[in-house]
Structures are given as structure tokens and as C-alpha cells.
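Presented below is the structure to which this report refers.
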Amino acid sequence: MASSSSLHLSQALLARAVYLHGSSSERVSLTTTSTLSSFPSFSGLKTLSSTSSSSSSNCGSLGVTSRAPRRVGSVVRATAVETLDKTTEASLVEKSINTIRFLSIDAVEKANSGHPGLPMGCAPMGHILYDEVMRYNPKNPSWFNRDRFILSAGHGCMLQYALLHLAGYDSVQEEDLKSFRQWGSRTPGHPENFETYGVEVTTGPLGQGIANAVGLALAEKHLAARFNKPDSEIVDHYTYVILGDGCQMEGISNEACSLAGHWGLGKLIAFYDDNHISIDGDTEIAFTENVDKRFEALGWHVIWVKNGNTGYDEIRAAIKEAKAVKDKPTLIKVTTTIGYGSPNKANSYSVHGSALGAKEVDATRKNLGWPYEPFHVPEDVKKHWSRHAPEGAALEAEWNAKFAEYSKKYPEEATDLKYIITGEFPAGWEKALPTYTPESPADATRNLSQQNLNSLAKVLPGLIGGSADLASSNMTLLKMFGDFQKGTPEERNVRFGVREHGMGAICNGIALHSPGFIPYCATFFVFTDYMRAAIRISALCEAGVIYVMTHDSIGLGEDGPTHQPIEHLASFRAMPNILMLRPADGNETAGAYKVAVLNKKRPSILALSRQKLAQLAGTSIEGVEKGGYIISDNSSGNKPDVILIGTGSELEIAAAAGEELRKEGKAVRVVSFVSWELFDEQSAEYKESVLPAAVTARVSIEAGSTFGWQKIVGSQGKAIGIDRFGASAPAGKIYKEFGITKEAVIAAAKQLS
């Protein structure tokens, strides 16, 4: 049995929470004195009801008192809320929750690495969600109308792995649990959607997961508004999240949650693991704000479950209440004990990020009355959870039949929804891409980008996106659609406001909701600095987001060095699994969009100009697909005197320099190098046909850092670029002062050849 000092841990947590976050008369509560004294118990632990009769009065003195219900909108909230239907006896629930805890403990202990504290504290939430609430098919994790679960506090991933294992997902077998955090494992150190079926998104960097969840919930709301009919609700699922104190501290969570409240994402339910512990210790050293009030101000419905350790009915009632609120997302603050059940490490930072240790594991087994060997799932628990496979299959079969009827009644809508669900493309979609000739008027590639977006929106039903308060400058509005808003969620222009980081992560969630979604988002290229973490997660988790980044160089002019990207092209070329595309004119912009749309598991960044650029001879959509290609050449035998290489706005400069050199009798090849990554993927023969190894006289020109260009021009070549910050002046003047000119290219070419 637990010592008396540890018996009242949940009471102590409650007292501290009331102290830090206000009295219960100011908080949303589902708890009364009587319910506190009747929590279900764990084997080996005394409950509040087993303590002296003064326990209830002590809790009452902490402000946990019954009170009259108050009206919030159209919902009457009472202290005693009808709970969800309970079909499982309390003792089996308790055993199931402890199974989750010990699978987590054992896996972390075997790996001698990981975070056992969160799974031990959040096991009740996880059990109730996966066993009693969520609709899913473990044998088909990709079933479209499943509920989605996101573990934003990804360090606690053993919670999710244990739940997937119990629920019958083939991706997490016992051997996978035993190989937690090991080479080649399907149970990596943070959840990875590309490694473990059943994991929706990749989380770990705190705050990303809750922002992804906003994207998933946006996708559901949008599809429901577009495709549901009065006689057929074909899109109907929830997004559930568990986030922690660290997620709350990261600014991205506030950005995304602000938008969730603004959009009224009523099917987003977030559980805040309010355990007051972070890596450095108690959160009172740095995080004392009133989270409840902040989320109420953001437009969320807020509920406080004061005993997340054993208050199962409170958690159930909170979920039921959250589902009754249709016009707001819900934050359920669940006060828990990190490392619950550990006699000596619970409620401390030492259980956050390291294994308990053999002695403490044994002590925890005794404390929770757990007699089983490591990784053991008791037969009654296994039998109980085994129902999810057939039930999930039945849910999917029922939905499939419903969709078949829907398809007969609404064939056009069904066709579009199928494209979004499956990721298949309408036949001939690429024919919608505009084409240009050298006689077409000069234009900024940001304007050409808008022409492409509007053309594609007519043929790609999953295209949706917007800008971080720069739509009129990024040129990203879809002219035939209105704005996605709380009252018009069927529309396809998303207004993100000045929230670049949240915008990127929300788009990741949209992309990972269904394969046919093609989300795009936009800002000035330099402001990728605000959203780089989300872009990196796009690349890591194979989310095919299209990043439309305008004002891509010193060519933006007078706004000066704060707004002029220098190192950004090089930095994204260094990032794995992402395409960095810098088109030079209309045909290349169309080619960039074709590539971006087709790369569903690889995000793309389109760096686009503010200034007008000529439509060049020799550019093509097909050339862009090769990454680098020849736009003009007067040489023979693959032996030019010099090769001039340009990207974006500087390809025009390279082409002009080539013309001048040819007049002087030089054999000159001009190459567009729109995407290094795509060129690297071409055959050796193709690369030799564009950049023959024997030709070492190579000159590149790009209005950005020269870092990395030696790979292209070679040790004997010349890279013209900018290796300092920019300046405030008209674009033409800056180009001249920095030597990004035709004359500089000609001089370098003559020197080399």
C-alpha cells in the first residue's frame, strides 16, 4: 500500500491548481465534494474515500464545492453532468489503465531512454478516448471518417504506442514495444506518421501537434460543409489532442488556437495535461498564467477536470459536455500527476525524461498492485480490447455503404470527395496550367503564381489555402471562392492573419488529413524564418504543403535588408525532402506548380519575384521537372566554351549575357537551375548532357548567398551572388551596387574561358 504521504497527491495537486489558477468559483468545474470522495480506486492505492472523514471537508476548504449551474451560451453546465454510457466494470477499467502505464514503464526501462511520466499520468485519458469514445478501424488506420488523435506532447509517445497495441493496430506488436527507440523500430522516440500506422502526424517539437490538430479539424469542418447533405452526413469525425505545459508555452499553440476559436472548430477537443512539471522542474518558475482564461478569451469552451488521476467519470462527463458544444473548440484542462503511481518520483521532473530505474519500477509495481512481468497484457484486458478490430471494421463497412448511397444521389459531389479521399487526380488536370510565349507581357512571378492557383482551383477539388495577412501582396486569393470562416467553412480562401508559424503547422494538418488535400500558404520569403520549424516538420512527415513565398530577393527594393532574403535559398536546399523551386517566368512558374502538386509526400517552396520579369525563350514546364535544363545553346558536340547558370529573376540576366558573348564568337550554353533537388534526381547521362564534366568554365548568378554553388560551378567556376545583408534602395540600384548584372557575368565568363 502507498505511504500516507503519497495518499493525498491528487488532493495536493488540486490545492496547488486552485492556488495558481484561481478558486473553483471562478473555474469551470465538474467536481463536487461528494464526487471527490467516491473516485474509483487503483489496486494498492487508497482512495480519498478510504482516508479519514475530514478528507472531504479538507477538499471543500480548497474551494471544491457544489454550486448552482450557470448558463454558457445554449448549454446549461451543472456540477453533476450526466456521464457517458459505461459498459465496462470499474475494476477492468482500472486494470486496463494500469496496463497502459506499465507497457510504457517497461518500454522506457528496456530502452533506458524515454519519458514515462506523461503516459503514467495520462493513461486514464488515453484509455477513455481509445476504448470508449473514438471511432476508428485498427485494421485500416487510413479509414477516411475515423476520429483523429494527436499527441502534441510527443515525448510521451509510449502512451500512444501502448494504446495502438491494445487496440489491435498491426503496426505496434509486442516486439515493437520491446524495441522502443531502437534502430529500425516502428516505435521511435517521438510519434512519426511515416513510421507507425495509426499515428496521424509527426510530433515532438512542442506546440506543433496542437497546431496540426487545428488543421485536421479545419479539414473536417470544410469537407462537412462542402459535402454533407440534409439526408446524408457523410463527413462526421472529431479531432482529439493531448497537449502539455510545454505546448502551452510555445507561441505556435496560441497562434493556432486563436484561429481555432475564430473559426469555431466545434469538433476539436483538446486535453491539457495540467501536471505542472517541465524539464527544469515545477512550472511555477516560468509559467504562471491563467490558461483557462486565455483560452476563454480565444473563443474556446473550457472545462476543468480536477482529478485526472482517478476521476474517470469526470473525464467522461467532460467529453460529453465538449461534444454538446458545437460552435467552439473545447479545452479540457485535466489536472494530473506526472508519473502517477511512482512512490518516489511522481510529481517531479525526474520522471519526465528518464527511465524510472529498476528499484523504482519494482516499487511502482507494488504501489499499484501490478504482479505481472514486463510487457504483459492480462487476458481479460486483451479480450476486452480485442473487440475494436471487428467493431472498427463494422463502422467502416457501414460508412462505405452510406457513401455508396451518397454517390448514387450526388455523383458530382461524390467524385470530388473521392479525389480528396484517395489522392487521385482528375484526368488531364495538368492541361489547366497556363502557358506563355516570349511575346507574353512581362510580369512578376507572384502574379503568374496567382494565375496558376486560380487555374488549378477549377480542376483540383482539394486545393485550399491562404496567406499570413499578405494575400493582396502574395497574390494568393482564389477569385472564384470566398473566405473560409466560421459561417462559411465551405469556402477555400483561408485567412491566417499574421501567424506564419501556426499557418505552416495548420497546413501540415490539412495535408495529412486526406491524400487529396493540396494546402498552400504564403508570406514573404524572408518570413520563413518565423515558420521554419513547421516547414521542417512538413519535410519530415511527408506533408505535401505548397509554400508560396514572394518577395524572394533584393529585388523587392526599398523595404531593405529586414525584408530581403539572402541565406534562405541555401538553407532550404540543405533541408532533406523538400523542393526549393525558383522559377524565372510564366512557363517555369507553371512547371513549379505541376511539380509541387505531384509531390504529395514532399513539400515545395516556390520563391517568387515582386518585380516584373520577361517571358524567356526556351523555358518550359517539362524543363522544370528536370530541375536544371538548357534554355539556349549555340555550341556543338556538348562542348560549349562557357556555361551560364541562373535561377529566378537572374536567369534573364544570364540569358542576356549569353547573347552578348555569342556576338563575340563564344559558344555559350545558358542553363536554368530552377530546382537543385530535381536535378540531383536525374540520371548521370542527363546531368552530363546539361553540365558536361569537361566544361569547367561555369558562371552562376543568383541574388542570394553563394553558399553551395561550388557544387554546381565546380572549383574552377565562378558564383556571383550576395554574401552580406541587403540594402534599402530601388531594386535596380541594389542590383547594380551588388554586382548582380549582365556585365559581371560577361566579365566572369571571359576570365574563365
Side-chain angles (χ1 to χ4, degrees), residues 445 449 504 521-555 564-584 588-589 591-596 598-599 601-609 623-629 643-651 654 671-682 686-687 690-691 698-715 717-726 740:
T445 50
S449 165
C521 60
T523 186
F524 291 172
F525 192 27
V526 76
F527 297 142
T528 54
D529 289 345
Y530 280 127
M531 58 192 299
R532 186 177 181 85
I535 296 174
R536 186 177 189 273
I537 290 293
S538 295
L540 178 62
C541 72
E542 302 176 348
V545 179
I546 301 175
Y547 292 94
V548 181
M549 298 295 144
T550 69
H551 298 61
D552 71 337
S553 73
I554 57 170
Q564 293 166 354
I566 298 294
E567 73 281 13
H568 298 70
L569 289 165
S571 72
F572 286 113
R573 286 169 180 154
M575 185 178 285
N577 197 47
I578 194 165
L579 294 175
M580 182 67 249
L581 298 139
R582 191 166 185 247
E588 288 203 341
T589 302
Y593 270 104
K594 182 179 181 182
V595 166
L598 288 172
N599 276 266
K601 292 192 174 184
R602 182 162 53 170
S604 301
I605 301 176
L606 277 61
L608 305 168
S609 74
V624 172
E625 294 178 272
K626 299 288 190 180
Y629 66 104
I643 301 175
L644 308 182
I645 307 166
T647 76
S649 47
E650 290 71 66
L651 182 60
V671 171
S672 172
F673 228 71
V674 62
S675 170
W676 294 19
E677 298 81 21
L678 292 175
F679 186 75
D680 282 346
E681 293 168 6
Q682 304 309 308
Y686 177 78
K687 287 187 278 189
V690 176
L691 298 178
R698 303 178 185 181
V699 180
S700 69
I701 182 166
E702 183 174 68
S705 170
T706 61
F707 185 83
W709 271 104
Q710 190 176 48
K711 169 185 173 181
I712 309 300
V713 300
S715 60
K718 171 69 174 179
I720 298 172
I722 306 170
D723 292 313
R724 50 155 287 186
F725 290 120
I740 310 298

Check your understanding: Does the distance from a Lys or Arg side-chain N to an Asp or Glu carboxylate O, for Glu567 and Arg532, drop under 4.0 Å?
Key -> no
Minimum heavy-atom distance [X]-[Y], with the two atoms named:
X      : Y      : result
Gly591 : Val624 : C-CG1, 3.6 Å
Leu678 : Gln682 : O-NE2, 2.8 Å
Glu702 : Arg582 : CG-NH1, 3.7 Å
Tyr547 : Ser538 : OH-OG, 2.5 Å
Pro603 : Asn577 : CD-O, 3.3 Å
Ile643 : Val690 : CD1-O, 3.9 Å

Report the distance from atom [atom1] of [X] to atom [atom2] of [Y], rounding to the nearest 0.5 Å.
X      : Y      : atom1 : atom2 : result
Lys711 : Arg573 : NZ    : CZ    : 10.0 Å
Ser604 : Lys594 : OG    : NZ    : 14.0 Å
Leu581 : Leu569 : CG    : CG    : 10.5 Å
Gln564 : Ser553 : CD    : OG    : 8.0 Å
Asn599 : Leu579 : CG    : CG    : 5.0 Å
Ser700 : Ile645 : OG    : CD1   : 6.0 Å

Exercise for review: Using a cut-off of 6.0 Å, state whether more than 12 heavy atoms not belonging to Arg602 lie near its atom CZ.
Suggested key: yes
Review point. With a cut-off of 6.0 Å (strictly less than), are more than 12 heavy atoms of other residues, nucleotides or ligands near OH of Tyr686?
Key: yes
Heavy-atom side-chain contact between [X] and [Y] under 4.5 Å:
X      : Y      : result
Val548 : Tyr593 : yes
Glu650 : Ile720 : no
Phe679 : Lys687 : yes
Trp709 : Trp676 : yes
Thr550 : Leu606 : no
Phe572 : Glu677 : no
Ile740 : Ile701 : yes

Polar contact flag, side-chain donor to acceptor under 3.5 angstrom, [X]-[Y]:
X      : Y      : result
Tyr530 : Thr523 : no
His568 : Asp529 : yes
Ser449 : Thr589 : no

